[in-house]
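First comes the structure, then the notes that go with it.
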Amino acid sequence: MKNVLILTYYWPPGSSPGVQRYLKFSKYLKEYNWNPIILTVDNGAHPSYDETLLNDINKETNVYKTKTREPFKIYNFLKGKKSNNISMGMIGLNKKKSLFQKLSLFIRANFFIPDARKGWLKYALKEVDTILKENKIDAFITTGPPMSVHLIGLEIKRKYKIPWVSDFRDPWTSVYYNEYLPRTKRTKKIDKMYEDSVLSNSDSVVVVANGMKQEFLDRNKSIDVIYNGYDISDIKNINKLDTDKFTMSYVGNFKPNQNIYNLWEGLEELVNENKIDINDLLIEFTGNVDAGTLDYIKTKKIKSQLIINNFSSHDVAVSKMINSNLLIFVIPKSKTQKLIVTGKLFEYLASLSPMLSIGPVDGEASHIINKVNRDKMSSYDDKEGIKKTIMRYYSLWKKNHNKFIHKKSDISNFSRFKLTGNLAEVLNKIYDEKH
């Protein structure tokens with residue numbers, strides 16, 4: 001059994017897609033003869049919290065926690081907030097801002113490079129010294145975002161020469177929300193320098209999509225794609241469900257660049273054309289939802305059928321997926337939209353619920369959906385295709401109010417257990433190269 005040190009800012013009870021990835025890897029790594037040791041922050045800034053995720057931490061896993069300096073605490077204090085919570089992704093970025101908010105965003109974008117979590121660096125490095133005195137570490141992993149975690153990896157690699165895997169859940173300098181931040185040329189130059197240094201000094205790089213691999217290959221040839229996947233232990237009670245309403249659901253954070261007008265207009269048209277009885281309909285969001293999206297839906301007749309559930313625990317969120325008649329899946333619009341593969345996709349697939357998928361039809365997410373024989377993705381402007389998918393599953397529901405279940409999809413390659421095996425292979429490779 002070899003030891004791998006995993007540096008991750010996001011860890012339970014924090015709740016976000018970033019938490020799930022290494023929470024699940026660490027759950028299964030021992031099955032592949034790698035013992036995970038976690039280094040994370042104590043009381044970090046998270047968009048939400050979920051105490052139930054603590055149940056997924058193996059009781060034998062050593063978890064080290066350190067202090068960190070968080071500008072979000074100061075920001076919230078100046079705004080009169082007592083919480084340490086932060087917004088998720090682009091939520092709120094398109095809202096009108098006060099002078100204070102504009103100034104804060106400029107400081108965030110240009111004074112905290114690569115991100116506002118860089119205050120963890122000195123605390124993490126000090127704790128690494130302690131960990132190495134107490135444990136023999138055979139390899140280590142840094143996962144980002146926040147990308148500043150990789151700068152900690154650079155220092156560990158330089159000082160200790162331990163085999164290093166840098167893991168990217170998102171692109172770095174090309175990530176879509178950078179388009180919305182007031183970043184200066186100087187900031188972009190420094191950020192790119194950091195990205196280049198991390199990629200070229202890593203013994204191996206892991207990414208969550210093939211598009212990212214292609215983007216990074218000019219700086220590191222040892223890159224593996226390991227998707228986020230789903231944990232079969234999270235997927236419970238899938239059977240023929242009776243639903244009182246034809247429930248269209250979105251589970252997760254809904255960002256402004258996911259607001260597709262053709263979706264809401266198409267659904268409204270189906271109601272106005274008397275093809276869908278509005279009393280049969282339920283449109284349910286579970287998670288943080290962009291205010292502009294809600295404002296737009298509220299201009300439509302279908303607003304009466306709208307339900308918003310704020311943050312829910314992960315088990316409740318998965319239950320919402322399983323109990324849906326049609327899951328709404330939207331790839332965020334951006335310059336890199338063809339490369340985006342969201343973590344949500346795999347739990348959506350595992351729920352066996354039908355999916356209304358909207359995004360680039362030649363993108364990577366679309367290829368995955370086609371590979372497992374689900375309904376093809378509709379392009380952003382394909383209103384008729386969107387309406388056709390909605391009508392297909394509404395008509396099936398109308399017959400007996402049962403949820404349609406996709407029984408023939410083979411998604412076993414996306415299980416967390418199997419994907420952990422892929423990560424173990426990467427660790428074995430860089431370990432063997434050094435010994």
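When reading the values below, keep in mind they use all heavy atoms of this one structure, side chains included, and skip hydrogens, waters and symmetry mates.
- Taking NZ of Lys157 as the reference point, atom OG1 of Thr142 lies at 11.5 Å (rounded to 0.5 Å).
- Sequence neighbours left out, the pairs with a member in residues 337-352 that pass salt bridge (Lys or Arg N to Asp or Glu O under 4.0 Å) are Lys338-Asp362.
- The shortest non-hydrogen separation linking Asn253 to Gly287 is OD1-C, 4.5 Å.
- Between Leu339 and Pro171 the shortest side-chain heavy-atom distance does not fall below 4.5 Å.
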Checking side-chain contact (heavy atoms from CB on, under 4.5 Å) for the pair Tyr250/Gln258: CA distance, chi angles, key distance, verdict?
CA-CA 11 Å; Tyr250 183 90; Gln258 291 176 285; 3.1 Å; yes

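- Rounded to the nearest 0.5 angstrom, Ser249 OG and Glu284 CD are separated by 5.0 Å.
- For Ser233, the side-chain hydrogen bond (donor to acceptor under 3.5 Å, both in side chains) partners two or more places apart in sequence, or in a different chain, are Lys27, Asp231.
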Test side-chain contact (heavy atoms from CB on, under 4.5 Å) on Leu427 and Ile141; report intermediate values, then the result.
CA-CA 9 Å; Leu427 291 170; Ile141 300 171; 4.1 Å; yes

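- A salt bridge does not link Asp56 to Arg416: none of the charged side-chain nitrogens sits closer than 4.0 Å to a carboxylate oxygen.
- Ring planes of Tyr394 and Phe246: perpendicular class, angle over 60° (limits at 30 and 60°).
- Remark: the backbone N or O of Thr243 is paired with a side-chain donor or acceptor of Trp397 at under 3.5 angstrom.
- Between the side chains of Tyr176 and Asn257, not a single donor N or O lies within less than 3.5 Å of an accepting N or O.
- Note that CG of Leu154 and OG of Ser197 are 4.5 Å apart. Values are rounded to the nearest 0.5 Å.
- Side chains of Asn110 and Thr187: a donor-acceptor N/O pair is present below 3.5 angstrom, by distance only.
- Ring orientation note: the planes of Phe168 and Trp172 are tilted relative to one another, at an angle of 30° to 60°.
- In this structure, the side chains of Ser202 and Asn220 come closer than 4.5 Å at one or more pairs of heavy atoms.
- Looking at heavy atoms from C-beta onward, Lys320 lies in side-chain contact with Asn309 at the 4.5 angstrom threshold.
- Within the 4.5 Å cutoff, the side chain of Trp264 has heavy atoms near those of the Ile283 side chain.
- The shortest distance between side-chain heavy atoms of Tyr22 and Ile38 does not fall below 4.5 Å.
- Using the six-membered ring where Trp is involved, Trp164 and His150 have ring planes that are tilted, between 30° and 60° apart.
- Qualifying side-chain contact (heavy atoms from CB on, under 4.5 Å) partners for Gln305, counting only residues two or more places apart in sequence or in other chains: Lys245, Ile278, Leu281.
- Closest non-hydrogen pair, Ile331 versus Ile340, comes out as CD1-O, 3.7 Å.
- A salt bridge links Glu269 with Lys387; the closest basic N to acidic carboxylate O contact falls under 4.0 Å.
- A donor-acceptor pair is defined here as one N or O able to donate and one able to accept, closer than 3.5 Å; such a pair exists between the side chain of Thr299 and the backbone of Tyr296.
- The shortest heavy-atom contact between Arg183 and Thr173 is NH2-O, 4.2 Å.
- Using modelled atom types, no side-chain atom of Lys188 and backbone atom of Thr184 make a donor-acceptor pair closer than 3.5 Å.
- Looking at heavy atoms from C-beta onward, Thr336 lies out of side-chain contact with Glu215 at the 4.5 angstrom threshold.
- Looking only at distances, a side-chain donor or acceptor of Ser48 sits under 3.5 Å from a matching main-chain atom of Ser15.
- Side-chain contact annotation: Trp120 with Ser148, donor-acceptor N/O pair under 3.5 Å absent.
- With a 6.0 Å radius and a threshold of 12 heavy atoms from other residues, nucleotides or ligands, Asp244 has its CG atom at or below the threshold.
- For the side-chain contact (heavy atoms from CB on, under 4.5 Å) test, residues two or more places apart in sequence or in another chain that qualify with Ser353 are Leu327, Ser351, Lys403.
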Would you check, one step at a time, whether the test side-chain contact (heavy atoms from CB on, under 4.5 Å) holds for Lys371 with Asp410?
CA-CA 9 Å; Lys371 193 173 182 178; Asp410 181 9; over 6 Å; no

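- Inspection of the Thr389 and Asp375 side chains reveals no N or O donor paired with an N or O acceptor under 3.5 Å.
- Atom CD in Glu425 sits 11.5 Å away from atom OG in Ser204 (nearest 0.5 Å).
- Remark: Phe414 pairs with Tyr227, Phe346 by the ring pair (Phe, Tyr, Trp, His ring centres under 6.0 Å) rule, at least two apart or across chains.
- Here the side chain of Glu268 pairs a donor or acceptor atom with the backbone of Ile302 at under 3.5 angstrom.
- In plain terms, the two heavy atoms of Asp115 and Arg108 that are nearest each other are CA-NH1, 4.1 Å.
- One finds the CD1 atom of Ile368 at 12.5 Å from the CZ atom of Arg374 (value rounded to the nearest 0.5 Å).
- Annotation: Lys398, atom NZ; neighbour count of heavy atoms from other residues, nucleotides and ligands within 6.0 Å is above 12.
- The two residues Ala45 and Tyr10 make their nearest non-hydrogen contact at O-CE2, 4.4 Å.
- For the residue pair Ser319 and Asn323, a side-chain donor N or O sits within less than 3.5 Å of a side-chain acceptor on the partner.
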Tell me, with the steps shown, if Val165 and Val4 meet side-chain contact (heavy atoms from CB on, under 4.5 Å).
CA-CA 10 Å; Val165 177; Val4 56; over 6 Å; no

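- By the side-chain contact (heavy atoms from CB on, under 4.5 Å) test, Ser313 pairs with Asp50, Thr52, Asp315, Val316, sequence neighbours left out.
- Considering Leu7, Thr40, Leu39, Ile152 as possible partners of Glu127, the one that fulfils the side chain to side chain contact (heavy atoms under 4.5 Å, CB included) test is Leu39.
- Relative ring orientation between Tyr393 and His406 is described as perpendicular, the plane-to-plane angle rising above 60° on a 0-90° scale split at 30° and 60°.
- With a 4.5 Å cut-off on side-chain heavy atoms, Asn422 and Asp224 do not count as touching.
- Phe285 places none of its side-chain heavy atoms less than 4.5 Å from the side chain of Ile328.
- A distance of 9.5 Å separates CZ in Phe216 from CG in Asp218, rounded to the nearest 0.5 Å.
- Here the closest non-hydrogen pair linking Ile235 and Ala350 is CG2-O, 3.5 Å.
- Under 3.5 Å, the side chains of Arg169 and Thr143 contain a donor-acceptor pair of N or O atoms.
- Within a 6.0 Å sphere centred on NZ of Lys300, heavy atoms belonging to other residues, nucleotides or ligands number more than 12.
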